[in-house]
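Everything on this sheet refers to the single structure shown next.
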Amino acid sequence: MFKKILIANRGEIACRVIRSCREMKIRTVAVYSDADKDALHVRMADEAFLIGPPPSNESYLRWEKIIEVAKKAGAQAIHPGYGFLSENADFVREVTKAGITFIGPPPEVMEGMGGKMSARKIAIEAGVPVVPGTTEPLTSFEDAKETAASFGYPVMLKASAGGGGKGMRLVQDENELKNALEASQSEALASFGDDAVYVEKAIVRPRHIEIQVFSDRHGNHVHLGERECSIQRRHQKVIEEAPSPINSAELRAEMGACAVKVAKAVGYVGAGTVEFLVSDLDRSFYFLEMNTRLQVEHPITELVTGVDLVREQINVAWGDKLSFTQDDLALIGHAIECRVYAEDPENNFLPSPGRITRLRLPQGPGVRDDGGVYEGAEVSIYYDPMISKFAVYGKDRAEAIDRMRRALMEYEVGGIKTTLPFFREIMDDPEFIEGKLDTGFISRFNERKKPAEPNEMIRDMAMIAAALGYSRSKHSAAPVPTQQTKLSPWVRSARPSFNSK
Ligand code: MV4
């Protein structure tokens, strides 16, 4: 087994990889920027090397510097985490050339899945359903008009190089097509340096369900069930759960088999994720894309399968066979993850950098916090503001929701704003509790929240009435004890407001 691994990443995912390495008795090498000299991943690793100034393209994206550190420290393998260099085929080639093992799939696989059109071709050849649409870039407005008409409106224009919804346009009818095409192409060019745009039929209010796959270098391919990731804000996942509230054993087996077909077709190695859009109308599903990395939301799959995906990645990179077969795997229970961001939900999710002056993590049954910070740590402006992924596990979805609600009451972060209050509201939301999750969830949730003002007025009136009643009763009877004094300090200590008052 490897004796030493370099982690080419930062934050919670670097810490996550270090944790598995430590259990496997593998020494760890961290790299960091000037902004991260006191970061948790630097403190947790056995060794740490400064690689440059705060901006990512001068530090975490400098592959030549990272490879130099790996050689100097004697690391035999590099784990890329997610983001940064994790899906960069050129980086993989350079790492391999330097005689170091890249923990992830081969560069040709990354390239095959890197473009949306090329990924669609691979899926079609593998016999997997893809969203009806083209696999060649549009050549003109006339071409777009004919193609869109042949699939029928509404259609989606998508940038082939796209990600994060960039260059994506929903087109309701032919009148909107010209503007949308121009906007999509110029956005694609500006974002990716490539203006190739193609057409897909639009799936109305789809669910985003993805299948975790795993492959070794001996031709074994398995899937580890699905994750429901429909709750997104500006194409960023916010809450994920496993299994999906709609997924039946049959649908899972069908989608899982399709995901494995895709993995086989590209000669996949390691941990990967096959994304699907699922129509709520008839549960038909369509391949969307494949992510060739360990994903942010991997912990919920770990919770319901009992597999340590990072350990498995390292074993597979070493050349071992998968430690389990498809028949060994069963999904047990239900897991929900909330991404805790240093953002202000009261202020349009504006980033909220600064020092964490207080950090109190939930404890007790069924909780897991994958954090990248500590009390006293500084959240900088340079990187993604996600400070932690908080997940709970329960025997079923209802227990997981109750547990998440309880744990979120215990969770306290001081000094910066976080998305925790937003999650507390979602856990009480009737549509969430029903499992009515689709890509329109967040905007409907925000609409439901809007009529808060009249309620606030009613609440104020009730408070005035109560105060009047109290002031009258004061002269004749003992004051009514408030809620606060009735609760024991132990119960109150689990309330988010306990220490902030
Ligand atoms: C779609 C779609 C409807 N029809 N494609 C958004 C991000 C990118 N990964 C794919 N996305 C979508 N593609 C077709 N043909 C709707 C979305 C979409 C979406 C998908 C999953 C989760 C949230 C979403 C929010 C808006 C749009």
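In listed order, ligands and their atoms are each counted from 1. In this text, all values refer to a predicted model and were calculated from it rather than measured experimentally.
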Ligand 1 contact on I203 by region, counting heavy-atom pairs under 4.0 Å: both
Proximal ligand 1 atoms for T439, defined as those under 4.0 Å from one of its heavy atoms: 19 (C), 20 (C), 21 (C), 22 (C), 23 (C), 24 (C), 25 (C)
NZ or CZ of K178 within 45° of F141 ring axis and under 6.0 Å: yes
Contact atoms of ligand 1, heavy-atom distance to H208 under 4.0 Å: 21 (C), 22 (C)
Residue, atom name and distance, where the atom is the protein heavy atom closest to atom 26 (C) of ligand 1: H235 CE1, 3.6 Å
Subset of ligand 1 atoms that lie under 4.0 Å from at least one heavy atom of K158: 1 (C), 5 (N), 10 (C), 13 (N), 14 (C)
Basic-acidic side-chain contact under 4.0 Å: R339, D370: no
Heavy atom of the protein closest to atom 17 (C) of ligand 1 (residue, atom name, distance): M168 CE, 4.0 Å
Partner of R120 under salt bridge (Lys or Arg N to Asp or Glu O under 4.0 Å), chosen from E289, E136, E200: E200
Distance-only polar pair, side chains of S244 and R227, donor-acceptor under 3.5 Å: no
Backbone of R293 reached by a side-chain donor or acceptor of N291 within 3.5 Å: no
Part of L277 within contact of ligand 1 (heavy atoms, under 4.0 Å): side chain
NZ/NE/NH1/NH2 to OD/OE distance under 4.0 Å, R62 and E58: no
Cationic tip of R397 above F432 ring, under 6.0 Å, 45° of axis: yes
Numbering as shown, the atoms of ligand 1 that approach V131 to under 4.0 Å (heavy-atom distance): 15 (N)
Any donor-acceptor N or O pair under 3.5 Å, side chains E399, H334: no
K201 contact mode with ligand 1 (heavy-atom cut-off under 4.0 Å): backbone
Nitrogen or oxygen atoms of E200 and ligand 1 under 3.5 Å apart: yes
Per-atom contacts, ligand 1 versus M156 - under 4.0 Å to a heavy atom: 1 (C), 2 (C), 3 (C), 4 (N), 5 (N), 14 (C), 15 (N), 16 (C)
